[in-house]
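A quick write-up on the structure given underneath.
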Amino acid sequence: MDCDVLVIGGGINGAGIARDAAGRGLSVVLCEQDDLASHTSSASSKLIHGGLRYLEHCEFSLVRKALRERELLLRSAPHLIRPLHFVMPHVEGLRPAWLLRCGLFLYDHLARRELLDSSRQVDLRHHAAGAALHPAMTRAFTYADAAVDDARLVVLNAIDANERGARILTRTRCERLAPIRRAWRATLRPASGEAVQVTARCVVNASGAWSTRSLGPMHAVCRRSLRLVKGSHIVVRKLFDHDNAYIFQHGDGRVVFAMPFEQEFTLIGTTDLEFGGDPRDVRISAGEVDYLCALSNEYFRTRISAADVVWDYAGVRPLLDDGAGNAQAVTRDYQLESDTRQAPYLAVFGGKITTFRTLAEDAVNQLGQMIDVPGPAWTAHACLPGGDVFGAAPCAQAVREFDGFVGRMQTRYAWLPAPLVGRYARAYGTRIHQLLAGCANMADMGRAITPHLYECELRYLASVEWAQTAEDVLWRRTKLGLHTLPEEAAAIARWMSGAQVHAA
């Protein structure tokens, strides 16, 4: 198998680079040792945001870049990314009100903002967000960012890359790289099956926490060091009955988010802890659970403990080691490093989900200094799959009127339960028509494997989105795992296993 570019890593950066490169006319192979978004890219805080707290570390350039991307991504994927208002209660003895006002003023004005509201001060005694908080909290500041389904964002990039000619190989590990006539010979081994040899003109290492591991004795030398930082989150039954999120300060200087999640839940996180183990074995600790519960209890009237946690997750962020004294101060910016001594090679270090698109664009631009890249940058002017609600070009109307699109889909597919159509519209956007192709009544949907999941959707996820297991379906392609009983998950696992046998 020959290609122009071999991308190692199926997280947000790898999928974004594969999409950009394929769209410029390069032949691309992407390999991922597990499922798409199996690790860091599905363990984020589910936000597209500028990073308000990064202003304290004077990372103005990063915040400006992220704020620009926030506006662009809202337009390009209005089904996956939605505006979200945050409420930051003012607490005496922590950051003073004047500092919060100054930070929010910068946040409002560092980049052009059209879609989101500006920040303001509110009286919690007369604001919907105040009822859930301790009554001593009477003043807060509000501002807007955006929520995202992080794992689906990765999948959409992979779909777009695939439809532009890229080959996406999940559960396929890159075992070795060796230079051969100014190109690379890669040994790729699927989880089941024989190894495959790929010859690539250029290799992009976007494997995140694994990017510094050796891929063979002739592997290009890495001159950057990573700092692995663990971030953990907990999910509890919902603690408030409105659509705003909260950002809470802690006496240790950290901030923690509490956000509405999957209709019935509240997502709380994150932590920042140094990590030195195997990134595949990262787990939330009891101490982190207690930390997040204790901070929640400082603000919310409804108290929680570890017994109230219905789901938790943790991920390792591979951040650039910039010498910061503590984990929360480590930069979230990215660095690209090229090496042409043996053959063209590009390594990706750091980054955050909000800036994945511009990282990918910068990466392919840098490839153009090592190999011929036929086409120009293009992703700033293209919707992600399903985002073309009002045409192929990203537009503000799709963000402002997305609820209208949902309503039209519920009318068009009135034979389906309206909540189910609403979930489809928000997960798949205009691809809902591909999902429901050939279906005109409930019988056409196939069996209901669970009350929330029909064979029709499972077939789509298996054939279009590389889902192979129940975990892929329940926790990455959807978040239905929060609504699924163990016996229902087992039924999905059996169906997916049968689908894989049939496909083979």
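Treat the numbers as computed from the prediction; the structure is a model and nothing was measured. Both backbone and side-chain heavy atoms feed into the values below; hydrogens, waters and symmetry mates do not.
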Approximate separation, where rounding is to 0.5 Å, of D362 CG and R357 CZ | 8.5 Å
Residue pair E457, R423: steps toward the salt bridge (charged side-chain N to carboxylate O under 4.0 Å, His left out) verdict = CA-CA 12 Å; E457 186 173 9; R423 179 174 74 79; 2.6 Å; yes
May I ask you to decide if A131's main-chain N or O and R301's side chain share a donor-acceptor pair within less than 3.5 Å?
-> yes
Is a donor on one side and an acceptor on the other found under 3.5 Å between the side chain of H250 and the backbone of D252?
-> yes
Taking the six-membered ring for Trp, is the centroid-to-centroid distance between Y143 and Y107 below 6.0 Å?
-> yes
Verify the ring-centre separation between F248 and F300: is it less than 6.0 angstrom?
-> yes
May I ask you to decide if the ring planes of F405 and F402 are parallel, tilted or perpendicular, using 30° and 60° as cut-offs?
-> tilted
Aromatic plane relationship, W210 with H39 - under 30° parallel, 30 to 60° tilted, over 60° perpendicular = tilted
Indicate yes or no: does R476 engage D34 in a salt bridge with an N to O separation below 4.0 Å.
-> no
D35/R477 salt bridge by N-O under 4.0 Å criterion = yes
Could you give me the CA-CA distance, side-chain angles and deciding distance for E465 and R152, then say whether salt bridge (charged side-chain N to carboxylate O under 4.0 Å, His left out) is met?
-> CA-CA 9 Å; E465 297 194 358; R152 287 206 58 76; 2.8 Å; yes
Going by distance alone, is a donor N or O of one side chain under 3.5 Å from an acceptor N or O of the other, for D108 and S118?
-> no
Quick one: does NZ or CZ of K479 land under 6.0 Å from the six-membered ring centre of F265, within 45 degrees of the ring axis?
-> no
Taking Y460 as the fixed residue, which of Y424, Y454, Y428, W466 is the one that meets the ring pair (Phe, Tyr, Trp, His ring centres under 6.0 Å) rule?
-> Y428
Can you name the side-chain hydrogen bond (donor to acceptor under 3.5 Å, both in side chains) partners of D388, sequence neighbours left out?
-> T430
